[in-house]
Amino acid sequence: MNIKVTGGGVIKGHVACSGAKNASIPLLCASLLAKGKVLLRNVPRIRDVLDICSILKHLDCKVVFKGHTMLIDNTNLKYKPLLFEECQRIRGSYYFIGVFLTLFSKCEILLPGGCKIGARPIDIHLEAFTDLGYEYTITDQVLSVYKKKAVKEVHLTLKNKSVGASLNACFAGLSLQQFVMDNVLFEPEGKDVIEFLNQLGYPVLFSNEKITYQKKNLEFKLTKHTVVSDRIEALTYMVLGLLAGDITIKKVETKDLELPLTILKKAGFLISFTENEIKAKKSKGNPMEITTEVYPGFPTDAQSLFGVLYTRTNGQSSMQENIFENRMHIYYDLMDSGVECLIKNNKAIVEGTDQIQLKNYKAYDLRHGAALLLLALANEGETLISNFDYVLRGYDDILNKVKTLGGKIEIIS
Ligand code: EPU
């Protein structure tokens with residue numbers, strides 16, 4: 001899908017955050033662990049979620065998705081190899097592996113896909129599965145994981161920090177009598193999933209990079225859970241407000257955004273916030289120096305968005321991307337648009353400027369696409385953005401939300 005954006009107008013009004021993509025995906029997969037019905041509220045209507053729903057339906061689950069509420073009934077769930085094309089369209093399909101290992105002691109799945117922001121191996125996941133008593137093979141894009149030996153208790157340490165591997169290893173460990181996992185990483189979205197597991201009756205305790213689990217007899221019931229709000233969506237609209245108008249962002253957990261909010265305040269941008277609301281007004285700020293780090297450090301998912309905001313600083317700002325190897329596309333677009341920009345070793349140095357010549361752009365990943373939209377809305381001129389489907393994978397109703405704020409966007413094809 002391509003869009004045409006007419007930029008330079010005032011973007012003004014209120015917008016409410018939807019539920020977080022990176023919580024919804026593992027929550028939907030973990031709903032299979034309920035062996036019954038699960039009601040999820042505040043589920044974003046995004047393409048990645050629809051792909052997971054479609055996989056659940058292939059597995060004979062009933063899924064009713066009305067508005068932002070989803071009822072999943074997995075009474076008829078049975079084992080099937082996960083050889084569905086949806087598994088390769090998205091990254092988060094890997095969460096089915098851990099869930100299947102707990103439910104069926106095996107899993108065959110097409111290797112996960114997702115945004116091409118780096119090599120994105122899954123070796124940390126696989127090593128954890130091995131520690132939990134499984135072995136695996138990979139043949140022709142199909143990963144097969146099988147039980148090798150019965151393990152009742154284990155104490156394992158993830159070899160590196162990984163959001164996905166931490167949850168996946170945890171899902172896979174739920175059939176054990178007990179486990180301890182060290183070096184785990186849970187962002188607010190992962191913590192939301194741990195809370196859900198506890199609601200289901202799995203006593204998973206998390207503190208200081210460690211999870212502990214001791215199995216108990218489960219009593220399954222209809223479980224209701226509300227998905228945590230999307231902190232990256234909140235940052236997206238906040239940066240849009242700072243670039244182009246006056247936006248109040250509602251239904252946000254500002255406690256999850258402590259570092260980005262502190263950085264912006266310190267730089268002098270016009271933001272104010274309470275526990276669940278952020279106000280962002282068009283402004284200029286002092287240069288910033290940011291390095292992406294694992295939570296609670298600066299989120300890699302907001303890096304491209306802040307790159308666009310750097311054009312509104314009075315001087316040179318820098319961004320070092322430390323999590324993914326291939327997430328610097330926006331800085332090349334800025335350079336093409338007349339911004340002075342130096343890019344080397346995943347570090348970009350951007351000179352603030354009012355002289356931006358908009359071009360036509362192509363989105364290469366979800367957050368890159370969102371950053372392009374902000375760039376186009378914030379500057380005078382007409383722009384085409386191709387590959388905009390990437391953005392619809394992760395932003396709920398973004399076209400309507402932006403139009404309601406006064407943004408001029410047209411779908412071209
Ligand atoms: N890594 C490995 N081996 C592994 C797993 C990860 O080397 O087995 C590396 C990755 O290649 C990366 C780093 O470790 O360089 C961190 O990866 P992590 O596993 O933490 O990230 P992820 O689970 O692949 C999730 C989100 C991403 C988000 C990151 C960091 C989902 C489906 N994806 O990815 O979301 O950027 O955590 O917060 O939850 C996005 O929303 O745009 C997005 C890409």
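Numbering of ligands and ligand atoms starts at 1, following listing order. Numbers for residues simply follow the sequence, beginning at 1.
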Can you pull out the closest protein heavy atom to [atom]? Residue, atom name and distance to 0.1 Å, please.
atom                    : answer
atom 41 (O) of ligand 1 : R367 NH2, 2.7 Å
atom 14 (O) of ligand 1 : K161 O, 4.1 Å
atom 19 (O) of ligand 1 : S162 OG, 2.6 Å
atom 21 (O) of ligand 1 : F324 CZ, 3.9 Å
atom 8 (O) of ligand 1  : I124 N, 2.8 Å
atom 34 (O) of ligand 1 : R120 NH2, 3.5 Å
atom 36 (O) of ligand 1 : D301 OD1, 2.5 Å
atom 31 (C) of ligand 1 : N22 OD1, 3.3 Å

With a 3.5 Å cut-off and no angle check, do the side chains of [X] and [Y] form a donor-acceptor pair?
X    : Y    : answer
H68  : N42  : no
K37  : T223 : no
N183 : K161 : yes
Y213 : E153 : no
S144 : E108 : no

Protein contact for atom 4 (C) of ligand 1 (heavy atom, distance under 4.0 Å):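 At least one protein heavy atom is under 4.0 Å away.
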Flag [X] as yes when one of its N or O atoms lies below 3.5 Å from any N or O atom of ligand 1, and as no otherwise.
X    : value
G92  : no
I323 : yes
A165 : no
P121 : yes

Salt bridge (Lys or Arg N to Asp or Glu O under 4.0 Å) between K78 and D60, worked out: CA-CA 7 Å; K78 53 181 165 305; D60 298 326; 2.6 Å; yes
Option from L342, I343, V350 for which side-chain contact (heavy atoms from CB on, under 4.5 Å) with M335 holds: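 Of the listed options, the one satisfying the test is I343.
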Only heavy atoms of [X], strictly under 4.0 Å: list the atoms of ligand 1 that pass.
X    : value
R327 : 36 (O), 40 (C), 42 (O), 43 (C), 44 (C)
Y94  : 22 (P), 23 (O), 24 (O)
D123 : 2 (C), 3 (N), 4 (C), 7 (O), 8 (O)
G164 : 19 (O), 23 (O)
E187 : 38 (O)

Ion pair check, D397 and K403, cut-off under 4.0 Å: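 Looking at D397 and K403, the cut-off is not met.
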Pair D182 + K210: basic N to acidic O under 4.0 Å: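 A salt bridge is present here (some side-chain N lies under 4.0 Å from a carboxylate O).
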Which is it for [X] and ligand 1 at heavy atoms under 4.0 Å: side chain, backbone, both or neither?
X    : result
T300 : side chain
V163 : both
E189 : neither

Salt bridge (Lys or Arg N to Asp or Glu O under 4.0 Å) partner of D301, the single match among R231, R327, K21: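 The residue from R231, R327, K21 that satisfies salt bridge (Lys or Arg N to Asp or Glu O under 4.0 Å) with D301 turns out to be R327.
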Ring geometry between H329 and H368 (parallel below 30°, tilted from 30 to 60°, perpendicular above 60°):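 Judged by the thresholds at 30° and 60°, the geometry between H368 and H329 is tilted.
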Separation of L111 CG from L143 CG (nearest 0.5 Å):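 These two atoms lie 6.0 Å from each other.
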Distance under 6.0 Å and angle within 45° of ring axis: K191 vs F206: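 Judged by the rule (NZ or CZ under 6.0 Å from the ring centre, within 45° of its axis), K191 is not positioned above F206.
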